Amino acid sequence: MADNKPIQPPTGTRDLYPIEAARRRFITEAWRRASINHGFEEVDGPTFESTELYTKKSGEGIVSEIFGVFSGKDEQGVKALGEKLARGEDAPAPYALRPEFTPTLARMYAARAASLPKPTKWFTAGPFFRAERPQRGRLREFLQWNCDVIGLALPEKPTAEDVARATAQADAEVIAACVGLLRELGLTENDFKVRINDRRAMGAVFEKGGVVPEAYPALFAHLDRIGKLAPEVWRTEASKLGVPDTLQLWFLNTMQLADNRDQSQFAGEMTGTLAALFSVWSESLAPIRKQLEAAGIPSGVIVEDVKIVRGLAYYTGMVFEVIVDGERAVAGGGRYDNLIELFGGPSTPAVGFGMGDVVLSLVLQDKGLMPSDAELMQIAGQSPDVFVISNGTPEADAALPSVLADLRRGTRESRGRDSLHARRTSKTTKNVGKLLQEAERSGAHFAAIVESSGEVTLKNLRTREQDQARTPIASLKAEVLKRLGRMDRGS
RNA sequence: GCGAUCGUAGCUCAGUUGGUUAGAGCACCGGGUUGUGAUCCCGGGGGUCACGGGUUCGAGUCCCGCCGAUCGCCCCA
């Protein structure tokens with residue numbers, strides 16, 4: 001007897017039925033549109049990479065959350081790995097499903113750096129994989145949209161000021177693309193905040209505050225938890241990292257400041273060393289704020305936040321997260337000025353961000369911004385242009401297949417723009433009323449009732465207006481194209 | 001890796017202190033005497049009650065195990 005137990009989709013993956021596929025398409029189309037309108041060009045890379053690409057320059061913990069991939073042709077390799085593992089040695093798979101895009105991007109840029117414009121603006125959107133425990137807003141397979149600006153537009157002999165301005169401009173450019181998308185989807189400035197920080201600024205504060213450089217990475221990680229831990233607990237840990245009391249106090253004060261509307265007043269309460277540290281920090285964030293405001297991002301949306309440090313080791317400057325209340329970060333990114341060089345390219349500053357589809361979908365649902373099912377099918381291009389119905393006579397039944405085929409046929413000259421989405425029923429009933437009902441439910445724009453081998457009656461299902469006169473089958477397609485307003489090109 | 005909650009039809013869920021053959025709505029298919037549709041009426045298919053044990057005369061219901069899902073912790077590229 002056969003084992004009929006259904007095989008379920010792997011943990012953290014999704015089966016997308018038509019309406020869910022349409023929902024995903026709605027998001028990816030918005031991503032494409034926003035990035036193209038902001039001047040980014042689409043690129044893409046492999047969905048699996050050599051594991052080295054991620055282990056080389058990333059931290060240790062990352063490997064454990066990578067999905068390993070083996071070649072089915074490499075039996076010996078697999079066996080060798082098995083033996084290593086049996087001995088308790090580290091044995092990563094030779095390939096990894098990509099957990100992020102930035103390393104691929106860095107490699108791609110490095111390989112052609114000499115011939116690429118400065119700046120180069122690339123975007124990509126596709127599937128990524130992380131072997132984490134799924135929970136709200138987090139799955140093991142997800143889509144991620146990335147926008148990156150690589151290189152800076154600089155004069156022949158740039159001054160430090162030129163570099164700083166170009167840097168802030170590029171930083172603002174990626175954030176503007178990200179915010180542009182959110183606004184296009186209907187989120188307003190009341191719905192989200194762009195929380196920004198700067199790793200170099202933090203470094204300067206650490207230095208002035210008396211922390212040894214060796215402790216910086218651990219301190220960045222610890223700062224990530226400042227809002228989650230009780231202040232006393234956080235301070236105890238900070239002390240262990242060699243953070244002086246004054247600096248601890250500054251972190252706690254400044255953290256609250258990020259959530260306090262009246263920043264100037266709060267800042268005014270800091271005196272002496274605290275105030276000095278604060279100006280080091282805030283002054284280095286001033287240029288990026290200025291550029292963001294110039295890019296049309298409302299000042300109320302921008303929040304300087306000492307908590308935002310990002311886990312990734314490769315960030316070197318500005319870092320940011322876009323937070324929608326009640327959800328985890330919907331997007332995050334930052335500046336990584338050393339990474340291109342690390343992949344064998346010329347020293348090139350770069351900045352970028354990623355946005356996942358999982359949290360974004362939750363946000364759109366929370367805010368009621370996800371279009372209705374019917375709208376989605378239309379947006380995804382799945383509503384038929386014409387639903388062809390036979391009037392039930394043998395003559396019409398016989399003519400129907402060729403009517404359908406003709407409507408569907410596209411020509412190379414028009415690049416398929418003259419091809420129509422045409423459907424017919426698969427039901428056996430000849431009840432025209434029922435078939436019209438089916439046509440309407442399919443979301444079709446027109447119904448074409450085949451009357452004979454030579455004529456149809458057209459009905460606009462949106463307006464419910466039916467033609468008095470019949471249309472010859474020979475001119476049906478042209479007539480429908482005309483009524484759909486698609487005759488403006490070619491011919 | 002840890003914790004909490006939950007698994008009955010494709011979906012949303014009923015199902016009494018354990019008691020005949022497990023139900024509804026939606027969806028799907030067909031019909032309402034062969035041509036005009038959102039309503040309505042009639043009919044139909046579809047469930048080894050996640051899976052495996054146990055208690056019992058009898059288990060969807062109680063107990064144990066297991067798998068899965070959701071939410072949270074850890075982590076977050």
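Convention: sequence-line order gives letters A, B, ...; per-chain numbering from 1. As the structure is a computational prediction, the values presented were derived from the model and not from experiment.
E451(A) comes within contact range of at least one nucleobase, with a heavy-atom separation under 4.0 Å. Within 4.0 Å of N391(A), counting heavy atoms only, lies at least one base atom of the nucleic acid. At the heavy-atom level, G433(A) lies under 4.0 Å from the strands shown only through sugar-phosphate atoms. Residue-level contact check: R98(A) touches neither bases nor backbone, having no heavy atom under 4.0 Å from any strand. Nucleic acid contact class of L461(A) (heavy atoms, under 4.0 Å, all strands): base. Nucleic acid contact class of E438(A) (heavy atoms, under 4.0 Å, all strands): none.
We find that CD of E141(A) is positioned 20 Å from P of rA77(B), with the value rounded to whole Å. The interatomic distance linking E395(A) (CD) with rG35(B) (P) rounds to 15 Å, in whole Å. Atom NZ in K430(A) sits about 14 Å away from atom P in rU34(B), given to the nearest Å. Taking atom CG of D15(A) as the reference point, atom P of rG68(B) lies 16 Å away to the nearest angstrom. Rounded to whole angstrom, the span from the CZ atom of F101(A) across to the C1' atom of rC76(B) amounts to 20 Å. Taking atom CG on L105(A) and atom P on rA77(B), their separation rounds to 17 Å, with Å as the unit. The distance between atom CG of L458(A) and atom P of rG35(B), rounded to the nearest whole Å, is 19 Å.
The residue among D224(A) and P10(A) whose nearest nucleotide of RNA chain B is located toward the 5' end is P10(A). Taking for each of N460(A) and L139(A) the nucleotide of RNA chain B with the nearest heavy atom, the 5'-most of the two is the partner of N460(A).
Open room surrounds OH on Y95(A); 12 or fewer heavy atoms of other groups in view lie less than 6.0 Å from it. Around CZ of R408(A), the count of heavy atoms belonging to other residues, nucleotides or ligands within 6.0 Å exceeds 12.
Taking atom P on both nucleotides, rG58(B) is separated from rG65(B) by 23 Å, rounded to a whole Å. With both ends at atom C1', the span from rC49(B) to rA24(B) equals 16 Å, rounded to whole Å. rU16(B) and rA50(B) have their P atoms separated by 15 Å, with the value rounded to a whole Å. Comparing the C1' positions of rA27(B) and rC64(B) gives a spacing of 38 Å, expressed to the nearest Å. A gap of 16 Å separates the C1' atoms of rC11(B) and rA69(B), to the nearest Å.
Judged by distance alone with a 3.5 Å cut-off, a donor-acceptor contact links the side chain of Q466(A) to the base of rU36(B). Judged by distance alone, with hydrogens and angles left aside, R130(A) brings no side-chain donor or acceptor close enough to the base of rC75(B) to form a pair under 3.5 Å. Applying the 3.5 Å distance criterion, the base of rU36(B) shares a donor-acceptor pair with the side chain of K459(A).
Across every strand in view, rG10(B) sits in a pair with rC26(B) that passes the Watson-Crick or G-U test at under 3.5 angstrom. Across all strands shown, rU33(B) forms no Watson-Crick or G-U wobble pair with both key distances under 3.5 Å. Pairing for rU20(B) is absent, judged as Watson-Crick or G-U wobble with the two contacts each under 3.5 Å. Base pairing annotation: rC62(B) forms a Watson-Crick or G-U wobble pair with rG54(B), both donor-acceptor distances under 3.5 Å. Figure legend. rC2(B) is base-paired to rG72(B); pairs are counted as Watson-Crick or G-U wobble with both atom distances under 3.5 Å. With a cut-off of 3.5 Å on both Watson-Crick or G-U wobble distances, the partner of rC49(B) is given as none.
Close to rG31(B), at under 4.0 Å from its OP1 or OP2, lies a side-chain N or O of T429(A). Put simply, T11(A) has a side-chain N or O that comes within less than 4.0 Å of OP1 or OP2 on rA69(B). Residue R133(A) has no polar side-chain atom (N or O) positioned under 4.0 Å from OP1 or OP2 of rC2(B). Applying the 4.0 Å criterion to OP1 and OP2 of rC29(B), one finds that K427(A) has a side-chain N or O inside that range.
Listed nucleotides: rU39(B), rG72(B), rA77(B). Nearest to the side chain of I66(A): rA77(B). Proximity note for R470(A) (side chain, C-beta onward) versus rU36(B), rG35(B), rA38(B): the nearest is rG35(B). Distance from the side chain of R136(A) is smallest for rC71(B) among the nucleotides rU36(B), rA77(B), rC71(B).
At a cut-off of 3.5 Å, with distance as the only test, a side-chain donor of E49(A) or T104(A) sits close to an acceptor on the other residue.
Remark: the backbone N or O of M318(A) is not paired with any side-chain donor or acceptor of R200(A) at under 3.5 angstrom.
Put simply, the residue from R195(A), R310(A), K307(A), K193(A) that forms a salt bridge (charged side-chain N to carboxylate O under 4.0 Å, His left out) with E321(A) is R310(A).
For V149(A) against A170(A), the heavy-atom pair with the smallest separation is CG1-CB, 3.9 Å.
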Stepwise ring pair (Phe, Tyr, Trp, His ring centres under 6.0 Å) check, F123(A) with W31(A)
CA-CA 9 Å; F123(A) 82 92; W31(A) 282 347; 9.8 Å; no
Going through the distances and angles, do T254(A) and V205(A) end up as a side chain to side chain contact (heavy atoms under 4.5 Å, CB included)?
CA-CA 12 Å; T254(A) 315; V205(A) 170; over 6 Å; no
